[in-house]
Amino acid sequence: MADQQQQGGVSMEKIVSLCRRRGFVFPSSEIYGGFAATYDFGPLGFLLKKNIEKVWRAWNVESRDDMVEIEGAIFMHPKVWEASGHVGGFSDLLVEDLVTHKRYRADHLIEDAKILENAGALKVEEVDTIIKEHNLKSPDGNPLSPAKRFNLLVKTHLGPVEDEASVVYLKGESCQNIYVDWKPVLETTHRKLPFGIAQIGKAFRNEITVKNFIFRTREFEQMDVQYFCKPDEADQWYEYWKKNRQDFYTQAMGFSPDDIKWRQHDPDERAFYAKDAWDVQYKFGEIGFQEVEGVHHRGNYDLTQHQKFSGTDLSYFDEASGERFLPYIIECSGGFNRLFLASMFEFYREDGDRKILGFPPKLAPYKAAVFPLLRNKEDLVKKAREVYEGLHKKFMVAWDDRGNIGKRYYSQDEIGTPYCITIDFDTLEKGDVTVRDRDTAAQERVKIEDLEAFIAKKLE
Ligand code: ATP
């Protein structure tokens, strides 16, 4: 986005419209009028999702020898959520418009009214005082109710009887699988500290206000790295992971450093057990810098709680010192939806009426598109199908024979395809094709037998 010309950055509307038009993201149950800020990834969104996950996994897991990855269940023992503090304390402050009865997050209204920059840690009485002193009204201009706490856990029942004993919660944060599986991971992998457990997993929150497309939804995925270390090494690992996250966004994802900002939590904003907490923020075009990931110094709170509530010893035995202790955890918890949306903002640009998603080839849904110069010339189409089918075995490749070549280029630019391959009359004679580069619009002739290596090289 660094080269973005528009004032104030790309508008959310453009991204939402592109996502729907080209099949990146659809409103869920759209034929029923959509449903409560839930979304589906369409064919291109699914491919982008898999590519983002691949980049995340390569950086966080596969290129390291101190990381393992798990995939935990969505349903967990209900006590997990008591131990984690979510049943008692995972709540937002809610206020109600006294006329429309619409509910709002108090901190968001206070922040939107520019009364405070960060209102997330306010207590009920503080919110009530601010509402009174500033005569704060709802977005519809109506008076507001006093604030009350609203628990965000999504509750359901499992089993044949719907009573208190059958209450279960959908995961309020995905990382709880990791804390609970710390013991079996340790037992089965025989790892020594320090090491991490990574996971990409679903989370569910009954968010009061859902807004900004897929930025805040009630069902989303989190991408976690929970790093277990010796207590006296935790500060040093915390610094390491902060730097690592900056590098992940700028090097692995290819985001401009100008679009990444760090925000430290105020002491009264972070959990009482946390030693330090920072948010990584991304500049989402016109809506500005917003959190994409939390990097938290959690001490041994999570393991202490699960040890207490489960009655299972979760300590680690350090052979070198002969000591037994609960490791400290450094948490890097990012939101997949936000990383996906950030990728759309980061690589979107316009050149006249051309819309371009300038994805690096590793992120691009299709690595190349293959066209016959003319769709009604049988020998051109036959040759183009041969090229397409050959490449399709190795990479995600698009086929397009609609409209003229110019239109096809525009269409592929808009979905981020880095290379367009055209089969023309010269191809039939010389066995080479025109490869047009999305970013430079430069064209070069490449031999058909060299195409696979050409694309593979760009993916390195
Ligand atoms: P926020 O302040 O935006 O509500 P949070 O601080 O509660 O987020 P965490 O609990 O730290 O978020 O979760 C880690 C990450 O999960 C966040 O950085 C964000 O990327 C993602 N996330 C959290 N809530 C949502 C949501 N409702 N929709 C999409 N992603 C979310």
Side-chain angles (χ1 to χ4, degrees), residues 12 25 28 36-39 41 49 52 56 81 84-86 89-94 104-112 116-122 150-154 170-179 198-226 241-242 245 248-249 253 255 260-266 269-271 273-274 276-284 287-298 301-302 329-345:
M12 181 64 91
V25 181
S28 162
T38 51
Y39 295 91
F41 291 105
K49 180 176 197 289
I52 292 175
W56 183 89
W81 304 105
S84 67
H86 284 76
F90 187 46
S91 54
D92 282 335
L93 282 181
L94 168 158
Y104 299 95
R105 259 178 74 167
D107 56 339
H108 287 172
L109 289 188
I110 292 169
E111 285 164 14
D112 291 350
L116 286 177
E117 210 171 292
N118 236 305
L122 291 177
F150 178 79
N151 194 293
L152 298 182
L153 281 178
V154 178
L170 303 191
K171 284 195 282 182
E173 58 181 17
S174 199
C175 58
Q176 290 299 328
N177 295 119
I178 297 181
Y179 306 145
Q199 177 179 239
I200 301 178
K202 288 262 183 189
F204 302 84
R205 297 183 184 177
N206 196 5
E207 299 275 4
I208 300 160
T209 37
V210 272
K211 57 178 181 181
N212 287 330
F213 191 35
I214 58 171
F215 178 83
R216 184 178 301 285
T217 49
R218 296 195 173 107
E219 171 185 346
F220 53 98
E221 271 179 43
Q222 291 179 312
M223 308 176 105
D224 275 297
V225 165
Q226 305 283 333
W241 279 106
K242 282 196 290 182
R245 300 330 285 160
F248 170 72
Y249 289 100
M253 293 298 297
F255 293 178
I260 301 291
K261 215 164 82 175
W262 286 73
R263 183 184 80 83
Q264 189 172 25
H265 287 205
D266 295 332
E269 189 187 343
R270 60 180 187 240
Y273 51 82
D276 197 5
W278 286 81
D279 288 342
V280 184
Q281 299 185 324
Y282 175 78
K283 186 169 183 289
F284 290 91
I287 66 168
F289 283 99
Q290 302 285 338
E291 172 178 347
V292 277
E293 175 162 348
V295 185
H296 302 160
H297 192 319
R298 302 183 64 92
Y301 176 76
D302 307 285
I329 296 178
I330 306 300
E331 164 180 77
C332 307
S333 182
F336 172 75
N337 284 7
R338 296 188 189 178
L339 187 55
F340 182 102
L341 189 57
S343 306
M344 296 298 291
F345 272 101

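Every number for a ligand or one of its atoms is a count from 1 in the order of the listing. Being a predicted model, the structure only gives us computed values, none of them experimental.
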Are any of the N or O atoms of V292 closer than 3.5 Å to those of ligand 1?
yes

Min over D279, V295, T217, L339 of heavy-atom distance to atom 28 (N) of ligand 1 lands on T217

Proximity to ligand 1 by part of V210, non-hydrogen separation under 4.0 Å
neither

Tell me which protein heavy atom sits closest to atom 15 (C) of ligand 1, plus the residue, atom name and distance to 0.1 Å.
S333 O, 3.5 Å

Which residue holds the protein heavy atom closest to atom 21 (C) of ligand 1, what is that atom called, and what is the gap in Å?
G335 CA, 3.6 Å

Minimum distance, heavy atoms only, to atom 5 (P) of ligand 1: which one of H108, E291, R338 is it?
E291

Which heavy atom of the protein is the closest neighbour of atom 22 (N) of ligand 1, given with residue, atom name and distance?
F220 CE1, 3.5 Å

Would you say E173 contacts ligand 1, with heavy atoms under 4.0 Å as the rule?
no

Show me which atoms of ligand 1 lie under 4.0 Å from any heavy atom of E293.
18 (O)

Selected option - heavy-atom contact closest to atom 3 (O) of ligand 1, from R216, E221, Q281
R216

Tell me, with the steps shown, if D279 and W262 meet side chain to side chain contact (heavy atoms under 4.5 Å, CB included).
CA-CA 6 Å; D279 288 342; W262 286 73; over 6 Å; no

Does even one non-hydrogen atom of F336 get within less than 4.0 Å of ligand 1?
no

Report the residues that fulfil salt bridge (charged side-chain N to carboxylate O under 4.0 Å, His left out) with K49, sequence neighbours left out, ordered by chain and then residue number.
E53, E221

Do the side chains of R205 and F90 get nearer than 4.5 Å, heavy atoms only?
yes

Validate the cation-pi geometry between R338 and Y282: distance from NZ or CZ to the six-membered ring centre under 6.0 Å, angle to the ring axis within 45°.
no

In this structure, atom 13 (O) of ligand 1 is nearest to the protein heavy atom Q222 NE2, 3.1 Å

Among all the protein's non-hydrogen atoms, which is closest to atom 29 (C) of ligand 1, and how far away is it?
F215 O, 3.1 Å

Are Q226 and D224 close enough that a side-chain donor and a side-chain acceptor fall under 3.5 Å?
yes

Pair R270 + D266, salt bridge at N-O below 4.0 Å
no

Starting from atom 10 (O) of ligand 1, locate the nearest protein heavy atom and write down its residue, its atom name and how far away it is, to 0.1 Å.
R205 NH2, 2.9 Å

Return the orientation label for the Y39 and F213 ring planes: parallel under 30°, perpendicular over 60°, tilted otherwise.
perpendicular

Not counting sequence neighbours, which residues clear side-chain hydrogen bond (donor to acceptor under 3.5 Å, both in side chains) with D112? List them please.
none

Under 4.0 Å from any heavy atom of E207, which atoms of ligand 1 are there?
24 (N), 26 (C), 27 (N)

Should S174 and Q199 be marked as a side-chain hydrogen bond (donor to acceptor under 3.5 Å, both in side chains) after you check the CA-CA gap, both sets of side-chain angles, and the distance that decides it?
CA-CA 8 Å; S174 199; Q199 177 179 239; 3.2 Å; yes

Below 30° counts as parallel, above 60° as perpendicular, anything between as tilted: where do the rings of Y301 and Y273 land?
parallel

